[in-house]
Amino acid sequence: MMLPRDWQDRHLDVLVRDPLVGYAKDGPPAAEPLAIAALAALGHDLPETAYAACAELQRCQHINGSVSVWLDDSGPYWPTSLACIAWQCFKRRYPERISASWQSNIDRGLQYLLSCGGVKNPIRDEIGHNTQLVGWPWVQGTHSWLEPTAMTLLALRHNGFEHHPRAVEAAHLLIDRQVPGGGANYGNTYVLGQKLVSHVMPSAMSLVALSHVTPRALSLVDSMAFLNQQCRFPMGAVSLAWSLHAMSTADADPAGEINPDNASDRWSALLRSAVRRMQVTGSQPHQNNWLLLASLLDRSPLLVRNEMSIPSITSLKTN
Amino acid sequence: MHQDRRRFMVGGIATASALGSAAAWHHVTRPVENVFVARNQSYDGDLVRVIEDGFRACEFDLNQVRDRRVLLKPNLVEPKRTSPHMTTHPAIIQAAAEVFRSYGAIVTVGEGPGHVRDTEQALLDSGVMDALVNAELTFEDLNYQAVAEVKNVGRACQLKSFFFPRAVIEADFIVSLPKMKTHHWMGVTGAMKNLYGVIPGCKYGWPKNVLHYNGIPQTVFDINASAGRLLTIIDGIDCMEGDGPILGTKKHMGLLLVSDNLPAADATMARLMDVVPERIPYLALAADRLGPISEDRVIQRGESWQPLVKSFEILDRDHLRHLRESGSHFVS
């Protein structure tokens, strides 16, 4: 048991009672928290709860396939990727429960994602990353950034699009945006000649999105080392959740050198520390659902398990 | 004003004051503005008294905040445990809260970190989490709060409106608590630029790239023009020079600046850094529209700025070289 049993039971009850959550306890429902609620419920064998969250995302999906942050029509639509992951995971787990139009929701979501992309910026000496790789932006009409690209790559891989040229390009983008020495940030490596700082959450997100990708980029080994090092310090619940996912992938320990018991103790300690802190500061259902999901470790439905091979960057044809 | 928070998002576009509190505030440029400067300050000093003295010296009646919602907005753009000089010191937040609370205000702290999506992580790394707990302060995560669409009153950029978080709309006073820093694109960043953090990341991204595409100076100006009533307390104690606002080095100044006019405060801050305020693009835009920036129209309270000037190192780049009269203190 990774989480304290009473805490887990209490928050699973909360999830069952109200899967239509937002970012804040008293805030309106939002797409990302709904998708995470669906995945947490799936992982903990709560099909009705997962269904409710998935269905709400479907209800709010637009004709063009997009799902807006606040489930309205004002955008932006970056959570479409997370909705596609939740829908696909539900379909895979409970194929007998899905509606006739379920696959259509997924298809339209993926079509929308593939119709979007980041704006290519001119190549400039001041900027360290490859500004010509398209990836995905937070908001249409702006540049691509690491986190929306990682989430969309995950969505494509969950849905069998790992060989799509956009997926391959996204993998290259995430590798390109790793900061030399380890880790990643929101998506810049060098600005005005200075190497930027790495942060936990984008580092972990890129490692999750690039799990089982071959050939393994050396920079990702450094990023995993960065993440391991950061686990010595207090982590926010969502950063911790992404980190546990990253460290639960086979890529975290390719040589099988880590004692699974030691790793389990360490992760359990991290989760319990996050729970203790949230008991002081006040927790939000969205954060709780992330911890419920992360506590599943390598059984989390968020993780992709299919192999993805990518050609060298030189043979990549950018869009 | 009662708001059902689960139904906060509203249709149509209104001004911040019309949507939010009873205090309809219009930016009216007065001929002169006051800026208070205190020197020899430290984070373990009597910051409460200094801030109170500062507002009094600026002829801002703190009794105005009684029963009003005051939102303290620190700068937590991208906190890092090893760079405390990057972010507003927790002691400044605690002291500001104590001042406004002592006058009967309902005080909250809010921020939407620009580069970090996990706001809890930003609070941990900046040390602000502990300060919030110790002072029993409520935190508003401006990146993920429900939003309402507010008219862009400034219209220096192409955006017709901004989405502001609930806490920003409902605040009667927003107190910008920036760190005194250099900025590798704009030259300096202070009270006005700090308001980028009231813009929700979930709508504008991490970084808030929509704003960049619409012009940094223009959007800084427009956000300041469109937000409600603004005050500022600038953390000029341990500052940042060189490659700010993230990677610069620490520079001790020991200063605290207080004002109820952000352009005037930023202009004084720039002078203290040996930067010509009129050459900072967003200050040039704000001049005489949101407040005065010329030396003869900013009344210095407390200390005179001239003896306190220390040249902040600025990156030796084409777009920054004109910011200083002298050609000194540029670094590569």
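Atoms considered below: every heavy atom in the structure, side chains included; atoms not considered: hydrogens, waters and symmetry mates. To find a chain, count down the sequence lines: A is the first, B the second, and so on, and within it residues start at 1. Everything numeric here is computed off the predicted structure, so don't read it as measured data.
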Checking [X] against chain A: side chain, backbone, both or neither under 4.5 Å from a heavy atom?
X	answer
Y204(B)	backbone
Y213(B)	side chain
V133(B)	side chain
N209(B)	both
P79(B)	backbone

Inter-residue atom distance [X].[atom1] - [Y].[atom2], 0.5 Å rounding:
X	Y	atom1	atom2	result
Q194(A)	D243(B)	CD	CG	4.5 Å
K208(B)	T142(A)	NZ	OG1	14.0 Å
N121(A)	H212(B)	CG	NE2	11.5 Å
T119(B)	Q287(A)	OG1	CD	9.0 Å
L132(B)	T281(A)	CG	OG1	9.5 Å

*asked:* Counting the benzene-type ring for Trp, do W138(A) and W206(B) have ring centres under 6.0 Å apart?
replied: yes
Below 4.5 Å from any heavy atom of chain B, which atoms of [X] appear? Answer side chain, backbone, both or neither.
X	value
D73(A)	neither
A30(A)	neither
L146(A)	neither
M201(A)	side chain
V139(A)	side chain
S74(A)	both
Q284(A)	neither

*Might you point out which heavy atoms bring W70(A) and K203(B) nearest each other, and give the distance in Å?*
CD1-CD, 3.9 Å
*State, to 0.1 Å, how close D118(B) and A237(A) come at their nearest heavy-atom pair, and which atoms those are.*
OD2-N, 4.2 Å
_Side chains of E78(B) and H199(A), donor plus acceptor under 3.5 Å_ = yes
Check for a donor-acceptor pair, side chain of [X] on one end and backbone N or O of [Y] on the other, with a separation under 3.5 Å.
X	Y	result
Q121(B)	P234(A)	yes
R117(B)	E147(A)	no
W78(A)	G205(B)	no
K80(B)	V197(A)	no

*Is the NZ or CZ atom of R81(B) both under 6.0 Å from the centre of the six-membered ring of F233(A) and within 45° of that ring's axis?*
yes
*For residues V191(A) and H184(B), determine if any side-chain heavy atom of one lies less than 4.5 Å from a side-chain heavy atom of the other.*
yes
*Flag side-chain contact, heavy atom, 4.5 Å: L315(B) against L192(A)*: yes
Whether over 12 other heavy atoms sit under 6.0 Å from [X] [atom1]:
X	atom1	value
K250(B)	NZ	no
D125(A)	CG	no
E98(B)	CD	no

*Within residues 230-240 of chain A or reaching into it, pairs that qualify as salt bridge (charged side-chain N to carboxylate O under 4.0 Å, His left out) - sequence neighbours excluded*: none
*asked:* Let's test your reading of the structure: which of M278(A), H143(A), E126(A), K195(A) forms the most heavy-atom pairs below 4.5 Å with chain B?
replied: H143(A)
*Under 4.0 Å between a Lys/Arg side-chain N and an Asp/Glu carboxylate O for E120(B) and R277(A)?*
yes
_Verdict with supporting geometry, Y144(B) and V69(A), side-chain contact (heavy atoms from CB on, under 4.5 Å)_ = CA-CA 10 Å; Y144(B) 296 103; V69(A) 169; over 6 Å; no
